[in-house]
Each structure stands twice: as C-alpha cells, then as structure tokens.
**Q** 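Mind looking over this structure? Questions follow.
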Number of protein chains: 2
Amino acid sequence: MNVTTDHATPTLDDVAREAGVSTATVSRCLNTSDLVSKKTRDKVMSAVELLGYTPNFGARAMAAKRTFTIGAIIPTMENAIFARGLQAFQERLHEKGYTLLVSSTAYRPELEAEQIRSLVSRGADGLLLIGYERDDAVYKYLERRRVPTLAAWAFSDDSPLPSVGFDNQASMLELCNTVLAMGHTEIAVISGIVEGNDRAAKRLEGIRDSLRAHGIDPDRAPVIETSYEIENGAKAFEKLMQAPARPTAVMCGNDVLAVGAMQRAREMGMDVPDDVSITGFDDIELATIVTPQLTTVHVPHRQMGRLAADELIRMVEKDSIGESSQLQSSLRLRGSLKALDDLPANG
Amino acid sequence: MNVTTDHATPTLDDVAREAGVSTATVSRCLNTSDLVSKKTRDKVMSAVELLGYTPNFGARAMAAKRTFTIGAIIPTMENAIFARGLQAFQERLHEKGYTLLVSSTAYRPELEAEQIRSLVSRGADGLLLIGYERDDAVYKYLERRRVPTLAAWAFSDDSPLPSVGFDNQASMLELCNTVLAMGHTEIAVISGIVEGNDRAAKRLEGIRDSLRAHGIDPDRAPVIETSYEIENGAKAFEKLMQAPARPTAVMCGNDVLAVGAMQRAREMGMDVPDDVSITGFDDIELATIVTPQLTTVHVPHRQMGRLAADELIRMVEKDSIGESSQLQSSLRLRGSLKALDDLPANG
DNA sequence: TTGTAGGCGTTATCAC
DNA sequence: GTGATAACGCCTACAA
C-alpha cells in the first residue's frame, strides 16, 4: 500500500505507481476497451478507485485532440422556448457518450461571438447554434477553426450552415391564413426583435405574405417589435389597444409574448377571444396552461433536438459537412382564436 | 508578413513568430495588465488579431492551475424553478470575470455525482450545488479535491456545506398556518419526492409541524409524492379528489405541481378557490399567469443568486471555508386560496 | 500485452 | 522589458 495521506490531486502517474504498471497501461485501461489483460485491468481499476482518480480534462484534450464535448449556444434560458428541444438534444448526446455545454447570449450577437470562442477554446468538438443570421466574421472564424457547426430552430435556403429546423415563414403564413379565414381583417402584430434574429424576421415576413395574398396592405398592420418577455408582450398589447382602430386579432411572435398580451387583456377588462383574438408561436407548455388556451404553431422540439444531435455527431465523427433536414410544424387551434362572425356585434 | 494560408489552429508560438517576440511576451500581453511596453503590446495584439488567435483553454488551465470557471449543478432546466436565481448567479459571475458552466441531474443523485466529477475534471475553481443532502462519498471527494463548494436554495443547520438560502421548513410552516387560520382543516399535500431532496423533505415537514401545532394529526393528511412536473401535479390532484373525504385545501411542494393541480381541477369542473384552495411554493412567473393567481411562498431568487456568486468567489479567491447566509422568504396571498367560511355551504 | 518517450499549448521562474 | 525553459497531465506511436 503506497497510499499517501497527501491531499493533492492524483494523476495518472500516481495510479500507475500504485498499480505497479506504466502510465501507458493505465491510460489504455481508461480509454480503449480491450488491449489490456483482465488481471492488469483489475489492478489498475482498484488503484483508480482507491485514489479517487479523475482524469484531468485539459490534459486529455490537449493530448487526444478530442473532448467528446458539444457546445450549444442559445439566446436565452429564462423561458422555456428552447428547454424541451435542448433537453432532447442533450439526452441523445449523452446516449452517444458526449457531454453538452450550454451557454446563452440574451439575444446579443457580440455575446454569441464571445461564447463561440469560449466553447471552441474549451475544445468543443462541435457546435449547435440557433438560427443562421450572424456576422460574417463569425462564420469565417468557425471555418478557419474547422469546427463542425449546425444551426437549429430554423430551416431556410438562406442558411450558410447546415440546419435542422422548420420553415418559420411558411408556418406563420399558414397561421395567418387561418386567422384571415376566420374573418379577421384588422390584424396587429407583436413581433420579436427582427434585427439579428432570422426566426423573428421570417415569422413577421410570413404574416406580411399572407396579408398581401389576401389583398391587404401589410404596411397597414401595426407592428410592435419587442424582446421575448411576458411583460413586454403585455406592454405592447396595451399600446396596440390605444390606437383609434383596435385590431380584432393580435398575432404574436411567440407564446411568451402572447401570454403577456393575454394577461394584459384581462387586466384591461377585455375578454379573449370575445373582444380580441390572440395567437402565439412555439407551443410551449405555457400555451395550454393559460385560460383560454393559446392558438399557436406547434414545433416538434424534441424531434428537432434528437435529429440535431444525430446530425452534429455525424459531422464530427465522419468529418461530414452536414446535411440539412426540414421538420414539419403544425397549427394548434385553441380557445384564444375565434371566428369574427361569432363576435358580438359592436357599436 | 508571415501569414500562412495554413488552416491549423494558431498557437502562442504562431503569434510570437508573427510579432517577432517570444511566447513569454505574448502570454504577458494576454494576461498581465502592464509589464510590457506599449510598442511591443501593439505589435503583439495586431498579430493576435491577424491570426484570429484564441488561447487553448486546456493548456492554460494546466499551466495556470486556474480556470476562472465556476460550475453549477441543478436538478432540472426543464421548468423555471432555478432559472431566475441561476441567471442572477451567472450575471454576477460574469461581472467578476468568471464563466459559468451549468449541468443538470434530473434529480438523480448518481448523475449529480457524475456531473461533479466532470466539472472538477474540467478544472472548475468552485461549485454551486442545490441543497445539501447527498451521499457522504461525494463530500469526501469534494474535500479531497479541495474544491470550494457552496449550497444554495436551502438554509439549515443540517448542512455540511456553507449555504445561501432560506428555511424551507419555516416558510412552508408559515404558509400552512395561514391556510389553517382560514378555517381549512382537511388539508392534502402534493409533495415533491422527498428521498434525496432536503428542500422537499423540509417543506413537507413544515406542513406537518403546523398541523401538529394546531392539534391535527399530521398522519391524517393525505400526501402524494411525485416529481416536479405539471402533469404529475394534475394526476396527484385527481387521485386526491377520489378519496371519500375531499380536502378543502391542497398544498403543493412547488408552483409547478400546483399549476398542474389547478389545471386538472378545472378539467374536473371544480372551481378554484370556491371548491378547493390550492397553494404552491417558489413564486415563479407561472404563479401570476394562471387564473386565479397562485398563493405561494415567494423566494428571493435573484438576491440568492447574487449572494451565492459573491460568496463562492470569496471562497475561491480568499481560500475561505465559506460563510452561510439566510434569506427571508415571504407569503404571496393570491386568488387560489380562500377562507373556508366563504365557501358555499355544501351538502 | 506492456513500457518508453515525445509532444500537445500555456504559464511562470529564472536569467539577462 | 524581454527571452529561454521547465513544468502541467495525458495520449499515442514505437519498441520490446
């Protein structure tokens, strides 16, 4: 027994000494499945156990040039927009022996660039980003460093990155078509900040497309851009309702904004959907918790997460440039949207 | 111009060569504030820029034995229970030049142990854990590795770790006292899983204390233990309502369970609070979104996050063993709880 | 099947 | 102010 009472972090050397073998052998035990006789392996493993040895990640990364780590950078962890998808992403990675590192940017491009560098310097084997609209310098960096990178939550021909996602524009267009088919003509929009956010931009564009196709001038529809927080949805709603001509339907860039709008509507004594219809996007858990339940666009979050994990790992392991795949979203028609004909005649 | 078109990751060496100085000088420019002449510094910085150099984190950690990284391990990212506090924690860390690494355990102790090892092997300078109940082996490991570790979301004399949090038991006791003062005597509980979760256990204990103090046998109150998911709250509620003697108030271990209970109540055609009162714990955003709003215990999440960051950094930098601090929670009485006298006479 | 030894990219301790 | 150079802990040819 060479156990020292020394409290310093044990290293491969210590384990090797304790087990009476070379460091190479210990390393083999820890990494390669066979290649080591059962007897030696047992000896080594109990030394590892005894010493409470854990490999030094930095050293390992440096020597092996692999980390089995994937980085994901999302705009926010504060609400549930990305929670379900990311959870599925991480579960799949875990199954395949990878670890996920997550960081968030508060929707600020410069922070995203910083986080990308940080994850790359930490040796991430691959990166998952949300959407594809970002500074060219970022793409140059990624390319130079040869870091496999995949975009999620968006699918579009505009993407310079392989992407796993859905068509934000088409989805919102379809929802808007439905709203119009229900007789609404006075539509207002509470959009996310469009600048630097392709998902928000495309969703807004989808509404404009739909209006145009129905002979309505898109520029007539009031649009408020605001960041994705419940309180902001509330404020925007209030502002919209101060206009001389009140909209009969308010379409929101996501569920969070929509819930804020619903909340404020109630506080203002307005009934949803009798006085005003409200729609969201994402179909997060919140959508079915509020009263009435929210009409929204359902996104296959979990499927997207799993697919993204599979594809990113393929890119990493097969040195592939990556293949995009488009997922289908679908409408969820619920209580917050009502046909205009059913509205009580007013004035 | 020695710029090569070589796509390999640039190293300190490359920068040094490009700038015509030694690697030591480059390192100084990147790390120490002065100690380098302005002229050299400029030369170096432009080389860094030109090459798109980012330091290799692993190498740096190995040489410096510091990473300016803090790890946090939370039970779940799926709902907002920890979101606000963690956000504040990370903001404060960022201010002080630290990076936060987060991972989650799905409330599984073995996963927590795994994540702890992972973060330690990644060189985390300090760790934030939730609560204090965990296997002794984990504490031994932490001690051996000399990793400064702080517990949050709980404050109790039982804690083997310095902790920043509130008294879960006293908080829930106070809420229960209030419920009883409103005339309720038939109380049922939907608790989180108590095993391995000191917060859940203490909250339940708080209810039992209160009942006992009011001359009610705590063992008479039906208790269902289930994990923190909306749907589980719903199921538990339904089960409770199948009992011959229906409770007049259902106290839930947190807001997530409470919202599930409210949802199911509505689906079952029961009115909250006229037919049954429901309470939660945490005061997450959800609590004010549901109708009626949820009576709950407010926790100073953001304050807790900030304080935890300050304290943990102090432990890391001053090599301190850490000081605990207790925060005050407070009741939020809202629509989901109603005095029993006001209930319509039944039967 | 096992051991030897070089190298991964930094930082820090010396000299100069 | 600046430049050598020895660690740091691990992996992986290459040898034996």
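Per chain, numbering begins at 1; letters A, B, ... match sequence-line order. Source: prediction; values computed, not measured.
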**Q** Nearest to the A59(B) side chain among dT10(C), dC10(D), dC11(D), which nucleotide is it?
**A**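 Looking only at heavy atoms from C-beta outward on A59(B), the closest nucleotide is dT10(C).
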**Q** Using a cut-off of less than 4.0 Å, is there contact between a side-chain N or O of S37(B) and OP1 or OP2 of dT2(D)?
**A**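 Checking S37(B) against dT2(D): at least one side-chain N or O falls below 4.0 Å of OP1 or OP2.
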**Q** Does OP1 or OP2 of dC8(C) have a side-chain N or O of N56(B) closer than 4.0 Å?
**A**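 No, no such contact exists.
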**Q** Pick the nucleotide of DNA chain C nearest each of M62(B) and A24(B); which residue has the one closer to the 5' end?
**A**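 Of the two residues, M62(B) wins.
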**Q** Roughly how many Å is it from CG in L12(A) to C1' in dA5(C), rounded to a whole number?
**A**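 One finds 15 Å between C1' of dA5(C) and CG of L12(A), rounded.
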**Q** In whole Å, what is the span from the CZ atom of R60(A) to the C1' atom of dT12(D)?
**A**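 Roughly 14 Å, once rounded to whole Å.
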**Q** Report the distance from atom NZ of K65(B) to atom P of dG9(C), rounded to the nearest whole Å.
**A**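 For the pair K65(B) NZ and dG9(C) P, the rounded distance is 19 Å.
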**Q** For E95(B), I'd like to know if atom CD has over 12 heavy atoms of other residues, nucleotides or ligands within 6.0 Å.
**A**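 Yes, enclosed.
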**Q** Take the protein atom CG of D13(B) and the nucleotide atom P of dG7(C), then report the distance between them rounded to whole Å.
**A**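 Taking atom P of dG7(C) as the reference, CG of D13(B) is at 13 Å.
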**Q** Specify the separation, in whole Å, of atom CZ of F57(B) and atom C1' of dC8(D).
**A**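 After rounding, the reported distance stands at 14 Å.
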**Q** To the side chain of S22(A), which of dT4(C), dC8(D), dC10(D) is closest?
**A**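 So the side chain of S22(A) is nearest to dT4(C).
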**Q** If you check the A64(B) side chain, which of dC8(D), dG3(C), dA12(C) turns out closest?
**A**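 So the side chain of A64(B) is nearest to dA12(C).
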**Q** Before you tell me yes or no, could you show the steps for D158(B) and Y132(B) under side-chain contact (heavy atoms from CB on, under 4.5 Å), namely the whole-Å CA-CA distance, both residues' side-chain angles and the distance that decides it to 0.1 Å?
**A** CA-CA 8 Å; D158(B) 305 355; Y132(B) 50 83; 3.7 Å; yes
**Q** Please tell me if T25(B) has a side-chain N or O lying less than 4.0 Å from either OP1 or OP2 of dG3(D).
**A**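 T25(B) to dG3(D) OP1/OP2: side-chain N or O found under 4.0 Å.
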**Q** Measure from the side chain of T11(B), starting at C-beta and using heavy atoms only, and say which of dG3(C), dG9(D), dT10(C) lies closest.
**A**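 Nearest listed nucleotide: dT10(C).
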**Q** For dC10(D), take OP1 and OP2 only and decide whether either is under 4.0 Å from a side-chain N or O of T23(A).
**A**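 False: T23(A) side-chain N/O out of range (4.0 Å or more) of dC10(D) OP1/OP2.
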**Q** Ignoring the backbone of R28(B), work out which of dT10(C), dC8(C), dA4(D) is nearest its side chain.
**A**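 Nearest to the side-chain atoms of R28(B), counting from C-beta on, is dA4(D).
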**Q** Looking only at side chains, do T23(A) and D13(A) share a donor and an acceptor under 3.5 Å apart?
**A**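 Checked: T23(A)/D13(A) side chains show no N/O donor-acceptor pair below 3.5 Å.
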**Q** Roughly, in whole Å, what's the span from CZ in R145(B) to P in dG9(D)?
**A**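 Distance check: R145(B) CZ to dG9(D) P gives 11 Å.
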**Q** The side chain of V36(A) lies closest to which of these nucleotides: dG3(C), dT2(C), dG9(D)?
**A**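 The answer is dT2(C).
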**Q** Using atom CG of L30(B) as one end and atom C1' of dA12(C) as the other, report the distance to the nearest whole Å.
**A**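 Interatomic distance, CG of L30(B) to C1' of dA12(C): 15 Å.
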**Q** What is the distance, to the nearest angstrom, from the CZ atom on R17(B) to the P atom on dT2(D)?
**A**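 Nearest whole value for this atom pair: 19 Å.
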**Q** Can you give me the closest heavy-atom contact between C29(A) and M45(A), atom names plus distance?
**A**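 In this case the closest contact between C29(A) and M45(A) is O-CE, 4.0 Å.
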**Q** How long is the straight-line distance from CG of L142(B) back to OG1 of T149(B), given to the nearest 0.5 Å?
**A**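 Separation between the atoms: 3.5 Å.
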